[in-house]
Amino acid sequence: MITFSQVTKRYPGGHEALCEASFTIATGEMVAVTGPSGAGKSTLLKLIAGIERPTSGSVLVDGQNIGRLSRKAMPYWRRTLGLVFQDAKLLYDRNCFENVMLPLRISGMPVKEAARRARAALDKVGLKDRERAMPITLSGGEQQRLAIARAIVNRPSILLADEPTGNLDADYAELLLDMLAAFSRAGVTLVIATHEPRLIERLKPRVLALRGGRVLT
Ligand code: ADP
Ligand code: ADP
């Protein structure tokens with residue numbers, strides 16, 4: 001369970017990106033975070049991921065205070081999450097297969113099982129025949145799909161996605177919606193920042209609407 005209690009995030013310069021936000025997301029729930037550009041959607045996701053820390057208030061995930069995690073604990077926390085963010089941070093000196101393998105190898109999975117899983121994840125996003133390609137040679141949409149494969153290969157129990165359909169053409173956006181629906185059925189907690197109407201229509205998530213850093217619903 002994810003609990004925001006009176007969370008305010010003020011960036012240097014004084015701008016309040018999030019203002020006294022309080023809400024709860026149950027385990028296994030699917031939530032679409034909506035709102036115009038600048039509403040605070042990315043900030044909300046970053047607070048869950050521990051990429052940003054609240055200025056005041058608390059972000060608890062299964063009782064763990066994410067804003068208070070030590071620098072040392074943070075990488076372990078991140079590894080339990082699936083993160084699909086705009087700046088995908090792919091490893092550009094490794095090929096697609098290696099990019100997707102890495103999270104599994106870091107978590108100690110034997111090579112053979114990791115390779116099988118990495119191929120299954122690449123297959124799922126339609127990149128199976130590009131596994132030896134370097135990320136730099138991929139289109140923006142393909143890089144996005146690679147980032148998605150890497151985010152889901154560990155089977156995270158929480159998936160955080162920031163505009164995941166943003167760079168995808170229509171066919172792959174549909175595929176992604178199917179994937180998100182499958183994760184949800186499998187019990188994954190999904191928090192998706194989006195202003196894609198089809199995602200809302202198709203997946204019928206709970207909608208958390210933000211305006212100017214305030215939670216409306
Ligand atoms: P959204 O994802 O809804 O577009 P963001 O969470 O990215 O909104 O941003 C919310 C507000 O916080 C915006 O006014 C944005 O300019 C500001 N903001 C976001 N990140 C930073 C940052 N690192 N430093 C300063 N201001 C920021
Ligand atoms: P396998 O590795 O056994 O071939 P897959 O990796 O293809 O299996 O995933 C099997 C099913 O599990 C798929 O329907 C997929 O959508 C779903 N799945 C993916 N990620 C997760 C997750 N984090 N938790 C639970 N199920 C997941």
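Ligands are counted one by one from 1 in listed order, and the atoms in each one are counted from 1 as well.
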- Query: Do V100 and L127 have side chains that get closer than 4.5 Å, going by heavy atoms?
  - Reply: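 A side-chain contact is absent here, since even the closest heavy-atom pair is not under 4.5 Å.
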- Item | Heavy-atom side-chain contact between V33 and V191 under 4.5 Å |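 They are in contact (side-chain heavy atoms under 4.5 Å apart), so the answer is yes.
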- Would you list the pairs meeting salt bridge (Lys or Arg N to Asp or Glu O under 4.0 Å) in which at least one residue belongs to residues 45-58, sequence neighbours left out?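 Listed by first then second residue: K9-E52.
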Cut-off 3.5 Å, no hydrogens considered: what does the side-chain donor-acceptor table look like for residues 171-181, sequence neighbours left out?
residue	atom	partner	partner atom	Å
Y172	OH	R145	NH2	3.1
E174	OE1	R202	NH1	2.4
E174	OE2	R198	NH1	2.8
D178	OD1	R202	NH2	2.5

- Item | Residue pairs, two or more places apart or on separate chains, that pass ring-ring contact (aromatic ring centres under 6.0 Å, His included) and touch residues 99-120 |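 Listed once each, the pairs would be none.
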- Flag, side chain of Q6 to backbone of S22, donor-acceptor distance under 3.5 Å: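 Side chain of Q6 to backbone of S22, a donor-acceptor pair under 3.5 Å: no, none is there.
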Once you restrict both partners to nitrogen or oxygen, which atoms of ligand 1 have a protein partner under 3.5 Å, and how far apart are they?
residue	atom	partner	partner atom	Å
ligand 1	2 (O)	S42	N	2.8
ligand 1	2 (O)	S42	OG	2.8
ligand 1	3 (O)	A39	N	3.1
ligand 1	3 (O)	G40	N	3.0
ligand 1	3 (O)	K41	N	2.9
ligand 1	3 (O)	K41	NZ	2.8
ligand 1	4 (O)	G38	N	2.7
ligand 1	6 (O)	T43	N	2.9
ligand 1	6 (O)	T43	OG1	2.6
ligand 1	8 (O)	G40	N	3.1
ligand 1	14 (O)	H15	NE2	3.1

